[in-house]
Amino acid sequence: MAVSMRDLDPAFTGAGQKAGLEIWRIENFRPAPVPKSSYGKFFMGDSYVILKTTASKSGALRYDIHYWLGKDTSQDEAGTAAVKTVELDAALGGRAVQYREVQGHETAKFLSYFKPCIIPQEGGVASGFKHVEAEEHKTRLFVCKGKHVVHVKEVPFARSSLSHDDIFILDTQSKIFQFNGSNSSIQERAKALEVLQYIKDTYHDGKCEIASIEDGKLMADAESGEFWGLFGGFAPLPRKTATNEDKCFDSYPTKLLCVEKGKAEPVEADSLTRDLLDTNKCYLLDCGLEMFVWMGRNTSLDERRSASGAAEELVRGPDRSKCHIIRVIEGFETVMFRSKFDSWPQTTDVAVSEDGRGKVAALLKRQGVDVKGLLKADPVKEEPQPYIDCTGNLQVWRVNGQEKILLPSSDQSKFYSGDCYIFHYSYPGEDKEEHLIGTWFGKQSVEEERASAISLARKVVESLKFLAAQARIYEGSEPIQFYSIFQSIIVLKGGLSDGYKNYVAEKQVPDETYQEDGVALFRVQGTGPDNMQAIQVDAVASSLNSSYCYILHSGSTVFTWSGGLANSDDQELVERQLDLIKPNLQSKTQKENVESEQFWDLLGGKSEYPSQKIVRSAESDPRLFSCTFSNGNLKVVEIYNFTQDDLMTEDIFILDCHSDIFVWVGQQVDSKDRMHALTIGEKFIEHDFLMEKLSHEASIYIVMEGSEPPFFMRFFNWDSAKSSMHGNSFQRKLSILKNGGTPTLNKPKRRAPVSYGGRSSVPEKSQRSRSMSFSPDRVRVRGRSPAFNALAATFENANARNLSTPPPMVRKLYPKSVTPDSSKLASKSSAIASLTAGFEKPGPARESNIPRSPKMNSGAPKPKPETNNKENSMTSRLETLTIEEDVKEGEAEDEGLPVYPYERLKTTSSDPITDIDVTKREIYLSSEEFRENFGMAKDAFYKLPKWKQNKLKMALYLF
């Protein structure tokens with residue numbers, strides 16, 4: 001489409017350069033900007049143009065343009081709004097989706113911009129009306145309809161307006177009443193409460209009483225009596241009569257029409273296919289409730305205006321008042337439009353879009369307009385974050401038939417591609433342990449064991465009273481949370497389960513199970529020591545990739561190969577994985593293009609191989625859907641511009657992030673529907689409602705209300721108190737409304753979502769020891785993956801270390817004077833000084849004290865002298881002293897508790913104090929006496945926070 005400056009209205013100059021809303025009102029047939037303070041205020045006599053700009057994760061800007069027509073606007077104004085919408089799209093490069101919005105029948109997307117609702121006011125500007133001035137409060141009655149977004153309409157203040165099917169809000173000067181029709185749903189009542197809150201804040205400055213009236217209660221309580229008294233007393237409500245608005249368009253036949261010279265002519269075809277649409281023409285697709293205008297890429301601005309006018313003519317009339325007109329440009333068709341066709345190609349070349357956008361930018365730049373935001377922005381490159389505390393406890397089972405076998409700590413990070421696994425990860429929350437139960441399906445695993453894994457995992461969830469989040473994960477599609485929990489993973493070919501062995505025997509296929517003395521090739525990948533994987537691939541040259549490093553071994557011969565595009569970080573990961581796969585052997589370093597003949601011989605000779613990095617399915621902008629599952633059929637409704645308040649406790653929702661699918665299950669969901677949560681996620685992927693090519697192996701999470709993990713909460717501005725409330729959606733929101741907007745807690749507040757960037761960003765007060773399983777002989781090392789520690793402990797020998805590997809990265813938690821290698825017992829002062837030094841370091845410095853790669857001798861432990869045993873005991877007690885913030889302890893001394901001498905507070909005191917809490921002896925010791933006993937500088941001690949002072953006091957009782 002040719003673009004000229006005469007086609008661009010000056011009012012649209014610079015529009016759409018940043019994310020957000022922009023609104024214009026049609027005044028004297030020209031668009032005039034509306035002040036931001038008036039956004040959401042619409043007059044019945046006016047027409048408006050609304051631009052919604054959204055910035056995607058890729059850096060591109062997406063546009064939705066709506067033109068809103070008040071019920072009293074003139075046809076000329078409405079026509080101007082429609083034409084100006086087409087012009088605005090041209091100014092944005094011809095890529096926006098355009099919607100016609102009629103008062104009272106707005107789309108859900110449009111209403112989502114102005115939550116909780118819009119209440120149009122009488123009056124107008126260009127239509128000849130005058131805006132209604134503020135006057136004495138007038139009693140008004142509103143009807144509210146909608147489960148996810150609310151259509152609010154003012155109706156006559158009369159008993160005849162009420163019905164059993166809807167919710168009504170009666171706004172009087174001193175009190176606002178909500179009348180809940182007996183046939184209305186809980187969700188509709190809850191959403192209507194948001195409208196009540198809006199009316200209270202907007203028209204009463206938040207100062208008036210509220211009351212909820214239940215249909216059928218008659219005069220049972222004072223508020224019901226007061227409500228019916230306003231209508232002259234109670235009387236039975238009339239039955240609802242059918243109107244034109246109730247006309248059903250479900251059976252309306254879809255028709256395709258071609259627009260030429262302003263006239264729409266039917267297109268004759270046996271079925272609707274993409275081939276029917278000519279890029280040089282405009283078409284109408286009449287679907288009853290929706291009228292689509294499709295505009296070919298090569299059509300002129302006049303032709304597009306003409307097609308829009310033809311669509312307006314077709315929907316004019318009382319029987320089409322609810323019809324939405326949606327205009328789409330070739331190459332930017334909506335999912336709903338494409339779904340109307342029997343066949344639509346998966347990909348369409350729309351590269352011309354940026355070219356057209358560039359021409360518009362060039363034209364505006366010559367006029368001196370800043371076009372910084374008009375062209376596509378560079379995508380923001382961010383390192384994926386796990387958003388989960390990685391210092392918890394981990395158990396892993398391998399599935400064998402109908403049973404699960406608990407793996408020893410040394411095998412927790414070794415997965416076979418022919419097997420299925422179950423893992424249980426528990427990590428610290430603020431008031432309880434959080435749990436994640438997951439299943440991992442290897443690419444070569446059999447269907448029977450996959451089904452068994454799901455069943456066995458469900459039993460683990462049941463044992464936790466359904467309070468755990470669940471995950472279904474496929475090999476090759478693992479999410480960042482999985483990698484961060486395990487930190488170091490080795491995926492081996494073949495399998496150990498009976499299911500895999502039976503498959504090999506029945507199909508008579510080679511058993512590829514990994515053999516330590518055989519030929520094996522591993523691709524090493526990851527982002528660092530806290531996220532690294534070694535994946536066994538076919539031992540042939542075509543498995544190599546210039547962007548990765550590899551480990552190749554055959555018996556005692558070990559090679560490491562570095563691709564030309566690999567960096568030093570990749571090479572470091574190879575050395576770390578080598579310690580786990582072949583820890584006691586010297587490796588031979590190979591670089592791309594200078595390999596030895598022996599290296600190629602082990603791979604069966606040279607061959608071509610790729611050089612581009614393997615791209616995983618990226619996380620897209622999240623989209624929320626409400627789900628209804630019945631008789632095996634899944635129906636979804638998208639929730640636009642969603643917030644936490646959209647998650648209704650009676651429903652199941654899906655949060656689609658493309659690479660990950662979250663199924664959120666409310667507390668009030670029926671138990672039978674709850675059991676279908678995984679099926680719902682699978683059905684959603686199968687149907688691919690957004691036509692986004694969802695992978696059938698995308699990760700599925702099942703999230704129970706009240707137990708949301710941080711990596712789910714991050715998509716919302718999360719308030720844990722809301723998900724901790726009891727009752728249905730209506731009862732919860734009514735409770736919040738009556739308590740001044742503050743949720744009434746039924747249990748302690750849970751963790752709010754924070755940014756977790758791996759090990760370093762775990763909150764200070766949640767620094768706990770990481771363990772592998774619940775067995776008493778497990779290896780415990782602070783701050784490291786349990787599986788990594790176990791593998792290192794099993795495979796590594798400090799006296800026979802791979803010479804190609806850098807020295808082990810072991811960092812002491814305490815100075816040398818208090819380690820088990822000391823020749824004598826450390827003094828109290830030096831131990832406390834060590835603790836104090838740890839407290840006063842900033843976050844990263846403290847973290848450097850955490851051992852990252854423990855090395856343990858595989859031989860039998862040597863007996864130690866008695867002195868060292870005592871020293872070990874003391875040090876272990878110090879090391880297990882968890883640094884946690886305890887508000888009560890930190891404030892106790894200031895609250896007037898009695899203070900006693902240290903000699904009487906000791907557990908070995910000959911004259912002990914009896915009337916104290918013996919579990920918190922330190923809070924009864926004065927800070928001054930503690931400081932004097934340990935010889936600390938006064939300023940240094942008092943600079944510490946109270947809770948740290950109390951922890952130092954607690955250490956006093958360990959000696």
Side-chain angles (χ1 to χ4, degrees), residues 108 111-112 115-117 142-152 165-169 176-200 210-215 217 466 624-629 635-655 662-674 677 680 703-708 712-713 715-747 749-750:
L111 290 177
S112 72
K115 289 184 177 181
C117 65
F142 300 95
V143 61
C144 301
K145 298 184 179 184
K147 179 179 175 180
H148 303 298
V149 292
V150 187
H151 287 86
V152 180
D165 300 313
D166 299 314
I167 294 103
F168 295 83
I169 294 177
I176 306 174
F177 298 87
Q178 176 167 317
F179 175 81
N180 301 314
S182 56
N183 297 333
S184 63
S185 68
I186 294 295
Q187 297 93 322
E188 289 174 316
R189 298 177 187 187
K191 276 295 174 186
L193 278 177
E194 297 179 8
V195 177
L196 187 151
Q197 176 75 64
Y198 171 79
I199 293 173
K200 178 182 176 181
I210 63 171
S212 173
I213 310 300
E214 295 300 318
D215 184 12
K217 275 196 174 181
F466 297 97
L624 185 69
F625 298 85
S626 174
C627 303
T628 303
F629 187 69
K635 293 183 178 179
V636 300
V637 176
E638 183 167 5
I639 313 298
Y640 301 100
N641 297 297
F642 60 84
T643 66
Q644 182 185 353
D645 288 335
D646 290 311
L647 300 175
M648 297 287 193
T649 187
E650 297 80 16
D651 293 332
I652 295 176
F653 290 83
I654 283 181
L655 186 69
F662 295 87
V663 182
W664 183 90
V665 183
Q667 292 177 357
Q668 302 284 327
V669 170
D670 183 84
S671 58
K672 291 181 181 178
D673 293 334
R674 233 181 256 178
I680 288 173
V703 177
M704 308 305 293
E705 182 183 12
S707 299
E708 293 87 353
F712 173 82
M713 294 189 288
F715 296 108
F716 302 82
N717 184 14
W718 197 262
D719 182 353
S720 295
K722 290 182 179 179
S723 62
S724 300
M725 297 180 71
H726 292 172
N728 60 41
S729 299
F730 174 73
Q731 292 167 339
R732 295 182 187 187
K733 291 195 175 181
L734 185 61
S735 174
I736 293 174
L737 196 56
K738 289 188 173 182
N739 284 282
T742 303
T744 302
L745 293 180
N746 286 299
K747 61 181 181 179
K749 195 171 182 179
R750 296 174 60 250

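Once rounded to the nearest 0.5 Å, the distance linking CZ of F642 with OG of S626 reads 13.5 Å. A distance of 5.0 Å separates OG of S720 from CE of M713, quoted to the nearest 0.5 Å. Put simply, NE2 on H148 and OG on S112 are 13.0 Å apart, with the number rounded to the nearest 0.5 Å. Atom CD1 of I680 sits about 6.0 Å away from atom CZ of F629, to the nearest 0.5 Å. Atom CZ in F179 sits 9.0 Å away from atom CD1 in I213 (nearest 0.5 Å). To the nearest 0.5 Å, atom CZ of residue F625 and atom CD1 of residue I652 are 15.5 Å apart.
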Using the side chain to side chain contact (heavy atoms under 4.5 Å, CB included) rule, take Y640 and L111 through it: C-alpha gap first, then chi angles, then the decisive distance, then the call.
CA-CA 9 Å; Y640 301 100; L111 290 177; over 6 Å; no

Apply salt bridge (Lys or Arg N to Asp or Glu O under 4.0 Å) to E194 and K733, showing your working.
CA-CA 8 Å; E194 297 179 8; K733 291 195 175 181; 2.3 Å; yes

Using the side chain to side chain contact (heavy atoms under 4.5 Å, CB included) rule, take N717 and Q644 through it: C-alpha gap first, then chi angles, then the decisive distance, then the call.
CA-CA 7 Å; N717 184 14; Q644 182 185 353; over 6 Å; no

Test log, rule side chain to side chain contact (heavy atoms under 4.5 Å, CB included), inputs L655 and F715:
CA-CA 9 Å; L655 186 69; F715 296 108; 3.4 Å; yes

Side chain to side chain donor-acceptor pair (under 3.5 Å) assessment of T649 paired with E705:
CA-CA 7 Å; T649 187; E705 182 183 12; 2.7 Å; yes

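Judged by distance alone, with hydrogens and angles left aside, the side-chain atoms of Q667 form no donor-acceptor pair with the main-chain N or O of H726 at under 3.5 Å. Without hydrogens or angle criteria, D646 side chain to T643 main chain gives a donor-acceptor distance under 3.5 Å. Using modelled atom types, one side-chain atom of Q178 and one backbone atom of R189 make a donor-acceptor pair closer than 3.5 Å.
By the 4.5 Å heavy-atom criterion applied to side chains, L624 and E638 are not counted as neighbours. In this structure, the side chains of S735 and K738 stay at 4.5 Å or more apart for every pair of heavy atoms. Two residues are said to be in side-chain contact when any heavy atoms from C-beta on lie closer than 4.5 Å; I167 and V143 fail this criterion. Side chains of K635 and C627 form no contact here, defined as non-hydrogen atoms less than 4.5 Å apart. Side chains of P116 and K191 form no contact here, defined as non-hydrogen atoms less than 4.5 Å apart. Looking only at side-chain heavy atoms (C-beta outward), K722 and R732 stay at 4.5 Å or farther from each other.
Under the rule for a side-chain contact (heavy atoms from CB on, under 4.5 Å), the partners of Q731 that lie at least two apart in sequence or sit in another chain are N728. Applying the side-chain contact (heavy atoms from CB on, under 4.5 Å) rule to K200 yields the partners I176, Q197, C208, I210; only residues at least two apart in sequence or on another chain are considered.
The two residues D166 and C144 make their nearest non-hydrogen contact at CB-O, 4.3 Å. When all heavy atoms of S212 and L734 are compared, the closest pair comes out as CB-CD2, 4.2 Å. Residues V669 and D651 come closest through the heavy atom pair CG2-O, 3.3 Å. Across W664 and M648, no two heavy atoms sit closer than the pair CZ3-O, 3.3 Å. Closest of all the heavy-atom pairs between A677 and V665 is CB-CG2, 4.0 Å. Minimum heavy-atom separation, S729 to I186: N-CG2, 4.0 Å.
With hydrogens and angles left out, the side-chain atoms of D215 and N180 include no donor and acceptor closer than 3.5 Å.
With salt bridges taken as basic N to acidic carboxylate O contacts below 4.0 Å, none links E188 and K145. Salt-bridge annotation for E650 and K147: absent, with no side-chain N of the basic residue lying under 4.0 Å from a carboxylate O of the acidic one.
The aromatic rings of F712 and F716 lie tilted to each other, with the angle between the two planes from 30° to 60°.
The distance between the ring centers of F653 and F662 does not fall below 6.0 angstrom.
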